[in-house]
Amino acid sequence: MGREDELVRLQEILRSSSSAAIAVVSGMGGLGKTQLAAKYATENKAKYPGGIYWLNGRASNLAVQIIYKAEFDLHLPGLDAAKERLQESAAIAKWCWDHWLPKEPTLIVVDDVADWAEVRSLMPVESRFRVLVTTRQRDLLPQQHTIALKRLEPEQSRSLLAALEEVGRVEDDRAFADRICAGLGNLPLAIELVGSYLRHDRHLTLSEIWERLRSNGVRDEVLERSPQYEMAAELGVRAAFDLTWETIEPEGKRVARLLSYFGLDWVPWELAERVMQRVEGEEYRFGKWKARLENASLVEFEPERIGDCRLHPLIQSFLRDQPEEEEIRSAFVKEMIAIAKTMPDNPTTKQVNQFKGLELHVQEISKRHIAELEEDDLLWAFVGLARFYEGQALFRDAESQYADCLAVTQRLFEGDLGMVALSLNNLAALYDSQGRLSEAEPLYLQALQMTQRLFEGDHPDVARSLNNLALLYQTQGRLSEAEPLYLQALDMRKRLFEGDHPDVAKSLNNLAGLYKAQGKLEQAEIYYQQALQLCEKFLGANHPDTQIVRNNLAYLRQQQQSIPPTTSSRSAFRRLLRPLRRFIRFLLGCFGIRSTR
């Protein structure tokens, strides 16, 4: 790489501080910032017995990445309890740093940082941590903490090109080699691309390569640092890319184009292959294209993550400029939506491990492909991730997804539409589950009013909104306001489903819970019995929802055998249970109240 001086400087910065030292490698795209960080990490692995951990600094879920490292790489004791107690992903990430194991020197690499303010607030502060940041921003930290990566020196560029082309053409024609390297801005990425092109055709001369680069826009002069330097240097990388792109077979181009649809993070090769199988059939395999694209310096594979690959940001942008592969793009969108739909809302550790790392790719749908989605799939582009985060007590990340979904549906669907009402309901239900009842109430009210305007007379969405608002009022202790809403929902569902239906059972169960809270135990028993009969009829005796209602009835009968509580004791009991919002919802049997469809 020719970066020995920078490697020495990195070591000086990272061992110079008593607190958590931070070193920044800055520079424009194509200078080799990530490669320098990787080389430092490899050469200094023994100095960090606590481990070396890579984080994607460009991704919006940095706190979640930290939590996943602690959970799946370290199996950090007490993390589940911390999630339930702290709830906010940033606070959980801080807890992870405070309890990180083992308590030995540890290197954290945060690659390609775009928003330093957000990243800095999530970094560890203990002296056993060392943080290495790569970024395109020049003034991230004061100069004493920063290595501003420069272009390679001409000799370094020539040596890199010679190592890549392999057959001695550089040594035979140094003058043209220097012109090529200078025209490419002495940028490692551009030189790697041209080197792979030379390696592809051992009979090309350097003068022929130079003429092809010039025809693609490379200037016949050494690029000097100027206001136009970065633009001109990127043109050099683009010209080198165009040369390499010419050597790729049509099928290989389709594979590379597919990879560009993913987010800027590691892509499981088998996932990319699965997308292509939607187009070519289940028997399709990428085969030789792994090695072909890697040898062309278009794709990077991680040696320690067999089967994962990624693109350089500049390469991704160049690939996205290529003519659209509409069939492949459509297959990518469908695969990401399919993943979103299968993300569990109460994931086990195994399931979290299965889906982690896919979030950034699923988010590409909401960022770039909203216009291509059907209405139903549009909600899933947000709600799958939101439920996945919510099930892990990562409420801030779930809230961000639900809020984005609401903003998009409000923008795309003017007026009163069911998509907006569902989005309002989803966000309200999240606030509700966190005990943020004052924030949930106006959203539930909007959803109810909207569904009532949309659907004249009886409709399942209206009944659901009535039920949600009644549940909220019950939690707040506003029982007299909750009762008529529950009754309206029950009567509406009976009319809609001619008496017998699982949704009727839900309303019966919820109303029974209200009467139990009011001390009307005989009425509660009647409704629980009716709900149980319907659940057994439609769901079966062993269904989890049937068991919930059966347990509710058993608990009620046990309560009937004891001394009836006074009004004041009932109020005190309700106040005691309010913080346990999710547990109360479970006991009340309010299953399935939220819909994404």
Side-chain angles (χ1 to χ4, degrees), residues 55-69 71-72 83 87-90 92-93 115 118 122 261-268 271 274-275 332-412 419-420 422-434 443 582 594-597:
L55 301 171
N56 184 345
R58 184 171 290 274
S60 59
N61 65 339
L62 184 59
V64 175
Q65 292 181 59
I66 295 167
I67 296 166
Y68 284 164
K69 296 287 184 186
E71 184 169 3
F72 296 102
K83 284 183 179 180
Q87 298 189 358
E88 295 287 346
S89 53
I92 300 169
D115 185 350
E118 179 180 352
L122 293 170
Y261 290 120
F262 287 86
L264 274 176
D265 204 356
W266 293 104
V267 179
L271 174 59
R274 196 161 69 236
V275 173
F332 169 76
V333 171
K334 290 177 181 177
E335 185 65 30
M336 293 305 105
I337 291 296
I339 290 173
K341 288 181 177 181
T342 57
M343 282 182 158
D345 57 4
N346 189 24
T348 63
T349 299
K350 182 179 179 180
Q351 288 173 322
V352 174
N353 197 29
Q354 175 186 353
F355 284 97
K356 73 181 178 70
L358 300 180
E359 304 100 311
L360 195 64
H361 305 310
V362 173
Q363 286 177 19
E364 284 294 301
I365 303 303
S366 60
K367 290 180 179 178
R368 296 172 54 83
H369 303 286
I370 284 294
E372 303 170 40
L373 298 176
E374 300 292 334
E375 287 189 3
D376 184 53
D377 287 345
L378 188 149
L379 284 181
W380 279 112
F382 301 94
V383 173
L385 278 173
R387 287 182 164 184
F388 185 60
Y389 289 139
E390 185 179 357
Q392 300 171 71
L394 302 173
F395 295 116
R396 177 59 63 84
D397 301 279
E399 181 182 349
S400 175
Q401 292 297 317
Y402 282 135
D404 287 348
C405 184
L406 176 59
V408 167
T409 55
Q410 287 175 328
R411 184 180 76 248
L412 294 180
M419 295 282 285
V420 180
L422 286 174
S423 299
L424 286 164
N425 181 74
N426 286 338
L427 184 57
L430 176 69
Y431 291 153
D432 195 355
S433 68
Q434 294 178 271
L443 299 181
R582 298 175 75 184
R594 191 184 316 168
S595 172
T596 63
R597 304 190 62 89

Fill in: Contacts of type side-chain contact (heavy atoms from CB on, under 4.5 Å), residue Thr342, not counting sequence neighbours
Phe355
Discussion item. Tell me whether Asn56 contacts the main-chain N or O of Leu264 through its side chain, where contact means a donor paired with an acceptor under 3.5 Å.
Written reply: yes
Worksheet entry | Heavy-atom donor-acceptor pair, His361 side chain to Tyr261 backbone, under 3.5 Å | no
Worksheet item: Within a strict 4.5 Å, meaning less than it, do heavy atoms of the Met343 and Arg387 side chains meet?
Response: no
Discussion item. Do Thr409 and Leu379 make a side-chain contact, defined as non-hydrogen atoms from C-beta onward lying under 4.5 Å apart?
Written reply: yes
Worksheet entry | Check: Glu359 side chain, Gly357 main-chain N or O, donor-acceptor pair, under 3.5 Å | yes
Discussion item. Distance check, rounded to the nearest 0.5 Å: Asn426 atom CG versus Tyr402 atom OH?
Written reply: 5.0 Å
Item to complete: Under the side-chain contact (heavy atoms from CB on, under 4.5 Å) rule, what do Phe382 and Ile370 come out as? Steps first, then yes or no, please.
Response: CA-CA 11 Å; Phe382 301 94; Ile370 284 294; 3.9 Å; yes
Worksheet entry | Separation between OG of Ser400 and CG of Leu385, rounded to the nearest 0.5 Å | 10.0 Å
Practice prompt. Could you please spell out the steps behind the salt bridge (charged side-chain N to carboxylate O under 4.0 Å, His left out) verdict for Asp377 and Lys334?
Written response: CA-CA 9 Å; Asp377 287 345; Lys334 290 177 181 177; over 6 Å; no
Worksheet entry | Side chain to side chain, Leu271 and Met336, heavy atoms closer than 4.5 Å | yes
Worksheet entry | Tyr431-Glu399 side chain donor-acceptor pair, cut-off 3.5 Å | yes
Worksheet item: Is Gln401 reaching over with its side chain to a backbone N or O of Asp397, donor-acceptor style, under 3.5 angstrom?
Response: no
Worksheet item: Between Phe332 and Phe262, how do the two ring planes meet: parallel, tilted or perpendicular, split at 30° and 60°?
Response: perpendicular
Practice prompt. Start with the C-alpha gap between Asp376 and Lys341, add the side-chain angles, then the distance that decides, and say whether side-chain contact (heavy atoms from CB on, under 4.5 Å) holds.
Written response: CA-CA 11 Å; Asp376 184 53; Lys341 288 181 177 181; 4.0 Å; yes
Worksheet item: Going through the distances and angles, do Ile67 and Gln392 end up as a side-chain contact (heavy atoms from CB on, under 4.5 Å)?
Response: CA-CA 10 Å; Ile67 296 166; Gln392 300 171 71; over 6 Å; no
Practice prompt. Please report the closest heavy-atom contact between Gln351 and Thr348, naming both atoms and the distance.
Written response: OE1-N, 2.9 Å
Worksheet item: If every non-hydrogen atom of Leu360 is compared with every non-hydrogen atom of Ala59, which pair is closest and at what distance?
Response: CD1-CB, 3.9 Å
Discussion item. Is there a side-chain contact between Val383 and Leu422 in this structure, where contact means two heavy atoms from C-beta onward sitting under 4.5 Å apart?
Written reply: no
Worksheet entry | Distance (rounded to the nearest 0.5 Å) between Tyr389 OH and Asp345 CG | 15.0 Å
Item to complete: Decide yes or no for Leu394 and Asn61: does some side-chain heavy atom of the first lie under 4.5 Å from some side-chain heavy atom of the second?
Response: no
Worksheet, complete the sentence: Rounded to the nearest 0.5 Å, the CG atom of Leu378 sits from the CE atom of Met419 at a distance of 4.5 Å
Fill in: Sequence-distant partners of Glu335, side-chain hydrogen bond (donor to acceptor under 3.5 Å, both in side chains), two or more places apart
Arg274, Arg278
Worksheet, complete the sentence: Between the CG atom in Leu406 and the CG atom in Asn425, the distance rounded to the nearest 0.5 Å is 11.0 Å
Practice prompt. Decide yes or no for Glu390 and Phe395: does some side-chain heavy atom of the first lie under 4.5 Å from some side-chain heavy atom of the second?
Written response: yes
Response to the item:
Here the pair of heavy atoms bringing Ala63 nearest to Leu122 is N-CD1, 3.8 Å
Item to complete: Locate the shortest heavy-atom distance separating Asn346 from Gly391; write the atom from each residue and the value.
Response: OD1-O, 4.2 Å
Worksheet item: Is Glu372 reaching over with its side chain to a backbone N or O of His369, donor-acceptor style, under 3.5 angstrom?
Response: no
Discussion item. Taking Arg58 first and then Asp265, would you say they form a salt bridge - that is, a charged N and a carboxylate O separated by under 4.0 Å?
Written reply: no
Discussion item. Quick check: closest heavy atoms across Ala381 and Ile365, and the distance to 0.1 Å?
Written reply: CB-CG2, 4.0 Å
Worksheet item: Do the non-hydrogen side-chain atoms of Leu373 and Trp380 ever get within less than 4.5 Å of each other?
Response: no
Discussion item. Quick one, Pro268 and Leu358 - any side-chain contact, counting heavy atoms below 4.5 Å?
Written reply: yes
